[in-house]
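Encoded as structure tokens, the structure appears first; notes follow it.
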Amino acid sequence: MTIARKKEKLSLSQDEFLKLVSELKGKFAAMQPELEVTVRNPEEGIEGFVVVWNTGICRGGPFTAKGQRGMGKGGTRVMPGLTLEQVKRLARAMAEKNAAAGLPMGGSKSGLNADPSLPDYEKKFRSFVRKVGESNILFEKGGIFGGFGYDVGCRPPHNAIWACDELGTTGSFTGK
């Protein structure tokens with residue numbers, strides 16, 4: 001089996017390859033999130049989370065231009081009972097997916113503890129987006145959080161419209 005490293009190919013036996021994979025898994029398992037933000041507004045019944053698992057994969061990529069340190073990307077999950085621990089696991093999974101796909105961005109996830117079937121969903125989602133925007137963690141404002149995207153509980157295209165409206169920009173919402 002061959003692994004390319006800085007234009008140099010190393011030839012590894014199966015045992016060497018498995019040892020290397022095991023070492024890399026250990027390093028990844030020891031990682032902690034670079035950023036954890038909890039957004040709460042008890043008066044509005046808002047509780048949401050943003051987790052950026054890593055941005056190390058960004059080094060030298062297009063998202064490190066102008067001295068920025070990279071960003072984490074992932075979707076926004078909306079569901080009743082959502083916790084910070086769940087969002088952390090999702091952000092970690094995004095880091096693995098982005099790395100496996102060779103994408104030059106770290107993994108992240110945001111989430112809102114809300115029921116998207118209730119009439120106040122739009123109001124809560126807009127408030128969550130606004131509060132995250134005010135925290136200066138968005139990449140386009142110099143932070144490391146790449147922005148909002150679609151995940152479980154979102155209503156395409158409404159969430160994108162609401163986020164862009166609240167932030168006054170299209171740069172912090174991505175979708176497929």
Side-chain angles (χ1 to χ4, degrees), residues 1-12 16-39 48-78 84-112 128-129 132-154 156-157 159-164 166-176:
M1 185 148 308
T2 307
I3 295 179
R5 236 187 232 169
K6 294 185 180 179
K7 297 182 182 177
E8 174 185 312
K9 293 193 177 192
L10 302 174
S11 195
L12 301 175
E16 292 169 324
F17 175 76
L18 293 174
K19 182 181 177 192
L20 178 61
V21 168
S22 179
E23 288 172 10
L24 292 173
K25 280 183 178 180
K27 285 181 181 181
F28 191 79
M31 287 176 68
Q32 294 297 314
E34 287 184 36
L35 174 76
E36 291 180 33
V37 174
T38 299
V39 175
F49 315 97
V50 175
V51 177
V52 176
W53 194 264
N54 71 332
T55 59
I57 194 172
C58 301
R59 291 193 187 108
F63 300 109
T64 56
K66 301 176 188 168
Q68 294 174 327
R69 58 184 185 164
M71 70 169 167
K73 291 287 292 171
T76 304
R77 182 156 298 191
V78 182
L84 175 60
E85 288 305 312
Q86 290 170 317
V87 176
K88 284 170 71 171
R89 282 193 305 271
L90 293 166
R92 180 181 169 150
M94 283 305 305
E96 290 174 325
K97 289 178 192 177
N98 289 345
L103 299 175
M105 59 187 75
S108 73
K109 206 67 150 172
S110 58
L112 176 61
F128 171 61
V129 168
V132 170
E134 292 166 359
S135 71
N136 291 321
I137 63 171
L138 289 169
F139 182 75
E140 69 178 316
K141 293 185 177 184
I144 61 172
F145 176 51
F148 304 91
Y150 296 119
D151 198 287
V152 172
C154 287
N159 292 84
I161 293 167
W162 300 335
C164 295
E166 291 301 321
L167 297 171
T169 177
T170 59
S172 287
F173 193 96
T174 61
K176 296 175 183 74

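As the structure is a prediction and not an experimental result, all values here were calculated from the model. All values below were derived from every heavy atom in this structure, side-chain atoms included, with hydrogens, water molecules and symmetry-related copies excluded.
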- Task: Output every pair passing side chain to side chain donor-acceptor pair (under 3.5 Å) with a member in residues 19-30, not counting sequence neighbours, ordered by first then second residue.
- Result: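 Matches after skipping sequence neighbours: none remain.
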
- Just do the side-chain contact (heavy atoms from CB on, under 4.5 Å) check on I144 and I137 with the steps written out, would you? CA-CA 6 Å; I144 61 172; I137 63 171; over 6 Å; no

Can you check whether [Y]'s main-chain N or O pairs, donor with acceptor, with [X]'s side chain at less than 3.5 Å?
X    : Y    : answer
E36  : V50  : no
N98  : L103 : no
S108 : V52  : no
T76  : G149 : yes
N54  : P33  : no

Nearest-0.5 Å distance, [atom1] of residue [X] to [atom2] of residue [Y]:
X    : Y    : atom1 : atom2 : result
S110 : F148 : OG    : CZ    : 5.5 Å
R77  : C154 : CZ    : SG    : 9.5 Å
L167 : L138 : CG    : CG    : 6.0 Å
M105 : F139 : CE    : CZ    : 9.5 Å
M71  : L35  : CE    : CG    : 14.0 Å

- What do the steps show when you test W53 against E34 for side-chain contact (heavy atoms from CB on, under 4.5 Å), and what is the final call? CA-CA 6 Å; W53 194 264; E34 287 184 36; over 6 Å; no

- Message: Determine whether V51 and L84 satisfy the following criterion, side-chain contact (heavy atoms from CB on, under 4.5 Å), listing intermediate values before the conclusion.
- Response: CA-CA 8 Å; V51 177; L84 175 60; 3.8 Å; yes

- Check whether any side-chain heavy atom of L112 lies under 4.5 Å from a side-chain heavy atom of F49, and answer yes or no. no

- Indicate yes or no: at least one non-hydrogen side-chain atom of K88 is less than 4.5 angstrom from one of E85. yes

By side chain to side chain donor-acceptor pair (under 3.5 Å) - contacts of [X] (at least two apart):
X    : result
S135 : none
N159 : Y121
E16  : S13

- What pairs with A160 under side chain to side chain contact (heavy atoms under 4.5 Å, CB included), at least two apart in sequence or on another chain?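 Once residues adjacent in sequence are excluded, the partners of A160 under the side chain to side chain contact (heavy atoms under 4.5 Å, CB included) criterion are Y150, F173.
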
- Query: Does K109 have any salt bridge (Lys or Arg N to Asp or Glu O under 4.0 Å) partners at least two apart in sequence or in another chain, and if so, which?
  - Reply: D151

